[in-house]
Protein chains: 2
Amino acid sequence: MECKKDFQTDRKKEMLAVHDAMDVLSGKWKIYIISSICHYNKRRFSDILEDVSGISNKMLSKELKELEVNKLIKRTVLDTQPVTVQYELTAHGQTLKTIVTNLTEWGIAHRKKIIGKK
Amino acid sequence: MECKKDFQTDRKKEMLAVHDAMDVLSGKWKIYIISSICHYNKRRFSDILEDVSGISNKMLSKELKELEVNKLIKRTVLDTQPVTVQYELTAHGQTLKTIVTNLTEWGIAHRKKIIGKK
DNA sequence: CAGTATCCCTGTCGATACTG
DNA sequence: CAGTATCGACAGGGATACTG
């Protein structure tokens, strides 16, 4: 990435785009929720609640809703008794995998750098 | 990225790493500050304050400090009257460019998907 | 200039209880 | 089961004033 040239145009667009991306991912539990659903392909509300240790039902509900609005996950109500709801990544949601991978790799390198080895 | 296999080991490490990365980047102004410094190579406090519209001196001071602790930027006090301070990206800070690029690209794609074209 | 200190308001989030 | 409703604590962050 070149950081110089066309400051006024390129940079402002870039800032907007980065902000959009961060908005989607920066919820306190978003990445953990995505990870849980991703791992199991399909996952139910109460199961995610257990996967993501520490999250409350209120937060899970809220963040799932946000992810759904952003078309990253698909919510399916199954006709069971009592009701069961399944969540899964959409095709668009799958594209997050790449950036999660990048974040992971950078995070590992960063940890080595800061905390020092291991 | 494969999301399945070695759930208990791989996934937990991954979550940790992603969390580390997000920690560094998720400050309200971090990316804007980095972008400003990156664009000019070296940049002074008051200049960044103007580049990043809306930020307060308190927040700028706080986030710069965090970036410095994480060894992403280098702070240099120049022996002028009155004092001048220059900030620049460290070699480690430069490695962020890749992930900022990824976030930017994903953000653009996401915006097209959600807001709909343009 | 480059910050610190203070005050205060707001949104966020946890705990808990309740509903279809 | 899969949420919603409500309350309250508390941290984030803005405005402003002050300091070396």
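Each chain gets a letter, A, B and so on, in the order its sequence line appears, and its residues count up from 1.
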> Regarding B/Lys62, tell me which of base, sugar-phosphate or nothing describes its non-hydrogen contacts under 4.0 Å with the strands shown.
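Contact class for B/Lys62: sugar-phosphate only.
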> Hey, which of these two, A/Met59 or B/Val83, hits DNA chain C nearer its 5' end, going by closest nucleotide?
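It is B/Val83 whose nearest nucleotide is closer to the 5' end.
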> What is the distance, to the nearest angstrom, from the CD atom on A/Gln86 to the P atom on D/dA2?
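The answer, rounded to whole Å, is 9 Å.
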> Any chance you could measure B/Asn70, atom CG, to B/Asp23, atom CG, to the nearest 0.5 Å?
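So the gap between those two atoms works out to 8.0 Å.
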> Looking at D/dG12, does its base get a donor-acceptor pair with the side chain of B/Lys28 below 3.5 Å?
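No pair found.
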> Once you round to the nearest 0.5 Å, how far does CD1 of A/Ile34 lie from CE of B/Met15?
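Interatomic distance, A/Ile34 CD1 to B/Met15 CE, rounded to 0.5 Å: 9.0 Å.
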> If you measure from CG on B/Leu25 to CG on B/Asp20, what distance do you get to the nearest 0.5 Å?
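Rounded to the nearest 0.5 Å, the CG-CG separation comes out at 11.0 Å.
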> From C-beta outward on A/Asn57, which listed nucleotide comes closest to its side chain: C/dG3, C/dC1, D/dT4?
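Nucleotide nearest to A/Asn57's side chain: D/dT4.
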> Looking only at the side chain of A/Arg75 (C-beta and beyond, no hydrogens), which of the listed nucleotides C/dA2, D/dG14, D/dA2 gets closest?
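Minimum distance to the A/Arg75 side chain belongs to D/dA2.
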> For residues 60-67 of chain A, dump all side-chain donor-acceptor pairs below 3.5 Å to protein atoms at least two apart in sequence or in another chain.
residue, atom, partner, partner atom, Å
A/Glu63, OE1, A/Trp29, N, 2.9
A/Glu63, OE1, A/Lys30, N, 3.0
A/Glu63, OE2, A/Lys28, N, 3.4
A/Glu66, OE1, A/Lys30, NZ, 2.7

> Between atom CZ in B/Phe45 and atom C1' in D/dT19, what is the gap in whole Å?
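Value for this atom pair: 14 Å.
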> Under 4.0 Å from OP1 or OP2 of C/dT4: is there any side-chain N or O of B/Ser61 that close?
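Yes, because at least one side-chain N or O of B/Ser61 sits under 4.0 Å from OP1 or OP2 of C/dT4.
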> Where the side chain of B/Pro82 is concerned, which of C/dC1, D/dA2, C/dG14 is the nearest nucleotide?
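Shortest atom-to-atom distance from the side chain points to C/dC1.
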> Quickly work out the A/Lys58 NZ to D/dT6 P distance and round it to whole Å.
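These atoms are roughly 12 Å apart.
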> Taking atom P of D/dT4 as reference, at what distance in whole Å does atom CG of A/Leu49 sit?
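Rounded to whole Å, this separation is 13 Å.
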> Given that both pair distances must be under 3.5 Å and the pair must be Watson-Crick or G-U, what runs of three or more consecutive pairs involve DNA chain D?
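Ordered by first number, the stems with DNA chain D (at least 3 consecutive pairs each) read C:1-20 with D:1-20.
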> Can you establish whether the number of heavy atoms outside A/His92 located under 6.0 Å from its atom NE2 is more than 12?
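Yes, because the 6.0 Å sphere around NE2 of A/His92 holds more than 12 heavy atoms from other groups.
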> Can you measure A/Asp51 atom CG to D/dA2 atom P for me and round it to whole angstrom units?
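It works out to 12 Å between those atoms.
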